[in-house]
Protein chains: 2
Amino acid sequence: MSAPAIPDQQLRPMRADARRNHERILAAARELFAGEDPGVQIADVAARAGVGVGTVYRHFPDKEALMGELVRERFSIFNTQLRAALGDASQAPFAALSGALRANAEALADDAATRYAMMGGGERAYGYAAAELAEFLSLSRELVGRAHASGELRPDFSEQDVPMIMCGVCATMGKRDAGWEWDRHLDLLIDGMRALPGA
Amino acid sequence: MSAPAIPDQQLRPMRADARRNHERILAAARELFAGEDPGVQIADVAARAGVGVGTVYRHFPDKEALMGELVRERFSIFNTQLRAALGDASQAPFAALSGALRANAEALADDAATRYAMMGGGERAYGYAAAELAEFLSLSRELVGRAHASGELRPDFSEQDVPMIMCGVCATMGKRDAGWEWDRHLDLLIDGMRALPGA
DNA sequence: ACCTGAACACCGTTCAAGT
DNA sequence: ACCTGAACACCGTTCAAGT
């Protein structure tokens, strides 16, 4: 067996300097991916992190893996939000679902680096987040099921529509001079999710 | 003055062989961009078109310009569709707007190459389509205005929301194993666009 | 006028040498 | 164990030579 793809997840703890470098590389990637320049290079990330390029490749097998780690961490935070919505008994089921969508969208709107990774990392970047994606769908399924049971959600809405909505809204965030607002985009979608009053 | 960015639009007509090469390059790009491989190279496009790489660069100043031309042609077709919707007196205004959205989305769903150009061409690719984008917004404004006048459209909907919706739906098309359907995405948005019955 | 493709420049990735 | 950065490979782009 070769080294794990993401040393962060390996069984034995990393040496102190390696752990520090790992965090510095991720922090540098977040700073640079969030910037204006769409052509961020691994050498830039290494320089910003204060390490050699080889060290970046020791921690992340390729550029997509570095982006994939940002995606993975973001879905982990999404899942925390979905669990909070499931655990909050004070909200009606539809409000819990739509509120979780909005909270996740707001977090993503503030995180240009992860949007960069999500939009530009290719399919393989999502592969690194497979476990978190499966958990995301599972939690979505529970929230959607409750909202169906309460009759507030349109009958044909499925848990797959939760990531679909996040993907669509994410694509419209942070476009310069586009002239639109992502939160109104989400308003349209959430209103479209409601069960028809007469049905 | 240097040569125009897109020879297709220059004042004097191209020589017959140049025109044929121009079309062959675009056809090759469409075929390759629509394929599975996300890393299409200019050398691949040139080989498929049966020309040298220098010929590709003679017709398109860089890779983004080649993608931009696909975006430009697509918005030109979008505009034809919007004009048809405006000219069809048999439809109610909301149906004309939502029908045009759906027709354009269906066309885009069948055109993976242009989706590739739209998602991966960067902001500059849209610069090549500036005139068509302005026309798209102008036509959208008229369709949206009519639907507001008839009271069927939610009051805060603006013409900027038309490209926003197209962008969001486009981002969810053609994802392998994503488990969702773009046409249901559009259903949600169109239902969210309706004015509230009680308002 | 336009075409060609070898040459150049740039950037992702590797790996031999170092600590 | 981990780090470094020169070297390599690949691909976008240019340009001198050709038709």
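Computed from a predicted model, the values in this text were never measured in an experiment. Convention: sequence-line order gives letters A, B, ...; per-chain numbering from 1.
- Position along DNA chain C of the nearest nucleotide to A:Y57 versus B:G50 favours B:G50 as the more 5'-ward residue.
- Pair check for D:dC10 finds none; no Watson-Crick or G-U wobble contact set falls under 3.5 Å.
- What separates CZ of B:R19 from P of C:dC2 is a distance of 11 Å, to the nearest Å.
- If you measure from atom CZ of A:R124 to atom P of C:dG12, you get 14 Å, rounded to the nearest angstrom.
- OP1 or OP2 of C:dC2 has at least one side-chain nitrogen or oxygen of B:R58 nearer than 4.0 Å.
- Side-chain N or O atoms of A:H148 include one that pairs as donor or acceptor with a backbone N or O of A:F157 at under 3.5 Å.
- Atoms CG (B:L66) and P (D:dG12) sit 11 Å apart, rounded to a whole Å.
- Between B:F78 and B:F136, the ring-plane angle classifies as tilted under the 30° and 60° cut-offs.
- Closest to the side chain of B:V53, from the set C:dC3, D:dT13, D:dC2, is D:dT13.
- One can place CD1 of A:I25 at 10 Å from C1' of D:dC3, the figure rounded to the nearest angstrom.
- Just one of B:V51, B:L26, B:V56 meets the side-chain contact (heavy atoms from CB on, under 4.5 Å) condition when paired with B:N21; it is B:V51.
- In this structure, the nucleotide among D:dT4, C:dC2, D:dC3 sitting nearest to the side chain of A:A18 is D:dC3.
- Along DNA chain D, the nucleotide nearest B:G54 and the nucleotide nearest A:G52 are compared for position; the residue whose nucleotide lies closer to the 5' end is A:G52.
- If you measure from atom CD of A:E64 to atom C1' of C:dT13, you get 14 Å, rounded to the nearest angstrom.
- One finds a side-chain N or O of B:H59 lying less than 4.0 angstrom from the OP1 or OP2 phosphate oxygen of C:dC3.
- Aromatic ring pairs are classed by plane angle as parallel below 30°, tilted from 30° to 60° and perpendicular above 60°; the pair A:H185 and B:H185 is parallel.
- Distances from the side chain of A:D17 to the nucleotides C:dC3, D:dC3, C:dG12 place D:dC3 closest.
- OP1 or OP2 of C:dC3 has at least one side-chain nitrogen or oxygen of B:N21 nearer than 4.0 Å.
- What separates CG of B:D44 from P of D:dT13 is a distance of 14 Å, to the nearest Å.
- Checking D:dA16 for Watson-Crick or G-U wobble geometry (two distances, each under 3.5 Å) identifies C:dT4 as its partner.
- As rounded to whole Å, 9 Å separates atom C1' of C:dT13 from atom CG of A:D62.
- Ring orientation note: the planes of A:F75 and A:Y126 are nearly perpendicular, at an angle over 60° on the 30°/60° scale.
- With DNA chain C read from its 5' end, the first of the two nearest nucleotides for A:T55 and A:A43 is the one closest to A:A43.
- One interatomic measurement links the two molecules: CD1 of B:I42 to C1' of C:dC10, which rounds to 16 Å at whole-angstrom precision.
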